Structures are given as structure tokens and as C-alpha cells.
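See below for the structure under consideration.
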Amino acid sequence: MNRQTAENPLKKLDDWDDFVASRYKENKDREEFRKYDPDVNPGVAEFYRLNHALQTVDFVQAMEREYLPLRKEQKTIWEAAEFLNTLVDDSDPDTDLTQIDHLLQTSEAIRNDGHPRWFVLTGFIHDLGKVLCLYGEPQWAVVGDTFPVGCAYSDEIVYSEYFRANPDLQNPLYQEFYGIYEPHCGLENVHMSWGHDEYIYQVTRNYLPEPAHYMLRYHSFYSAHKHGAYRHLMSPHDEEMFQWVQKFNPYDLYSKGAAKPNLPEILPYYQDLIAEYFPAKTQW
Ligand SMILES: [Fe+2]
Ligand SMILES: [Fe+2]
């Protein structure tokens, strides 16, 4: 259960995804601009307050040590999807879409546009890292816009004023433009705030082509892929690969309005697709 609590202020995990989708919707109306107002959307604002205050260098490194050895369990991709589906939030009467539905809406939109099979599969798995919630992690350590830690925060990060409560602000090195990094060192050398992107990238990296790595690992890095921030840490290769992150993003943001996927009809396609790229079980 993912009940709304002081530590988990979102009514449901998808409230963050919905907030981001409305933030980047074209021709926003006044009502949608008001979603930034903490009085209008207190759960989302409180979620960002916690995320920005608590995602420190020390926290990120502790999570990397905890999860990146991938020693939790062995699961197939489909088992992981079904596991994620057990995440039941305080329910939303407007929708009966499950986590698997969101994954399939994303991947079906990619498939309908005629993209390669690995791209469709990337759409299907992109949010499986949210199983971190089921491992007991709070919402602010699973979802939210990701950003580099250990260097100055970009003003392009949403609710950047909440970084004032982050203890890393007291470390002068962490507040320098490059911080603990070298100019253009490449994002693979940068510690990102901890969340579902890094986790699913690490679980699947051996099985998918490099553009998929970027789509998975940086899909929540909105300040970079939507606003052009942090170019000073990116290598020329990162710059080139970010076209794939940008190509992926609209499918993640805008596929939610689609009809509920007909699972029995498309399941055989997805079983074949998963079997084509992944071994029976992968390490989580
Ligand atoms: Fe995501
Ligand atoms: Fe998503």
C-alpha cells in the first residue's frame, strides 16, 4: 500500500507524472498554471520539498550501495511489471488505469509510430524502477525530476527554492558550478538524485542498445532534456545521445489519454518482445 502519509505526501505515485505532463502541456490554461501553487497542489509541493531537502550526495551514494549491486531478487520483466501493479495507492475514482496500463500506453504509442522493437520494449519497461516503492522507499526517492548532486543546482529545476533546506548547501564544494566533477566529464560520471530512472537502467543495461540506456536513465532529467541545463557536465557523446531522450519523452508524457490497452490482445506480442531481448530472469 502506498497510503498518503507525511513521508509520502502524494495521494498516488502517478500524481507526480500527471504534474509533469501538465507542466509541459502546450497552450496551458490558467487552471494548469495554478498547479504550481502549493495551495492548489499541496501534495505535489510537499513531495518536492522533501525531495529537494533530502536528496544529498550522502543519500544518493547510500542508495547506490544498497541497490546497484542488484542483489534483491531475480525476476522476469513480466513478473516485475505484475509486482509493480500491486502498488495500490489511495484510489483515484477517475481512472482504473494500472501501472501496467501506463507502461503499455507508452509502448503502444511508440509501436504505432513504427519505431524499432527495442524502442517499444524500452517504453514498456521505462517505469519498472518504481518497484523501489515496494521495496519500502519513500516517494521522494523513487519519482520526481532528477538532477545531479554534488554541484550547484540549476534554476531550471522545478521548485528549486526548496533546495535551501538541503544540507549539501552547507558544503562549499557542492555548490560550485562544477562541484565534485570535471568540466564535460560525461553523465556516466555524475551522481544523479536517486530514483526509478537509474535503477531500471542498471537492471536492464546489458540487454538493450545504448539509445535505450539514455532513455531509461535520464527520462526524468527534465532540467537537461527540456531546458538545456547541465551542458557543462555533458560530453559531446551525451549531447548526441540526448536526442533519444527527447524522442522518448513525448510518449511518456502524452500517452496517458489513450484508451485502456487491451491486454489479452497484445500480451503475446509483448511476451515475444521481452523474450527477444531478456533472459528468463534478470537480477534486481
Ligand atoms: Fe518514469
Ligand atoms: Fe512514465
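If you read the sequence from its start, that first residue is 1, and numbering goes on from there. Keep in mind that this is a model prediction, so the values were computed, not measured.
Under the 3.5 Å distance criterion, with hydrogens and angles disregarded, no donor-acceptor pair is assigned to the side chains of E240 and Y214. Residues H213 and E188 have side chains that never bring a donor and an acceptor to within less than 3.5 angstrom of each other. No side-chain donor-acceptor contact under 3.5 Å links N166 and H52. For D14 and H102, the side-chain atoms include no donor-acceptor pair closer than 3.5 Å. Checking D197 against S220 by side-chain atom types alone, a donor-acceptor pair falls below 3.5 Å.
Checked against a 6.0 Å centroid threshold, the rings of H232 and F177 count as neighbours. Aromatic ring centroids of Y251 and H126 lie 6.0 Å or more apart. Between F242 and Y230, the ring center distance fails the sub-6.0 Å criterion. For W140 and F59, the distance between ring centers is under 6.0 angstrom.
Surrounding CG of D113 are more than 12 heavy atoms belonging to other residues, nucleotides or ligands, all under 6.0 Å away.
The side chain to side chain contact (heavy atoms under 4.5 Å, CB included) test with S223 singles out one residue from I157, D145, T146, and that residue is I157. Checking each of Y48, Y222, Y24 against F19 for a ring pair (Phe, Tyr, Trp, His ring centres under 6.0 Å) leaves exactly one that passes, namely Y48.
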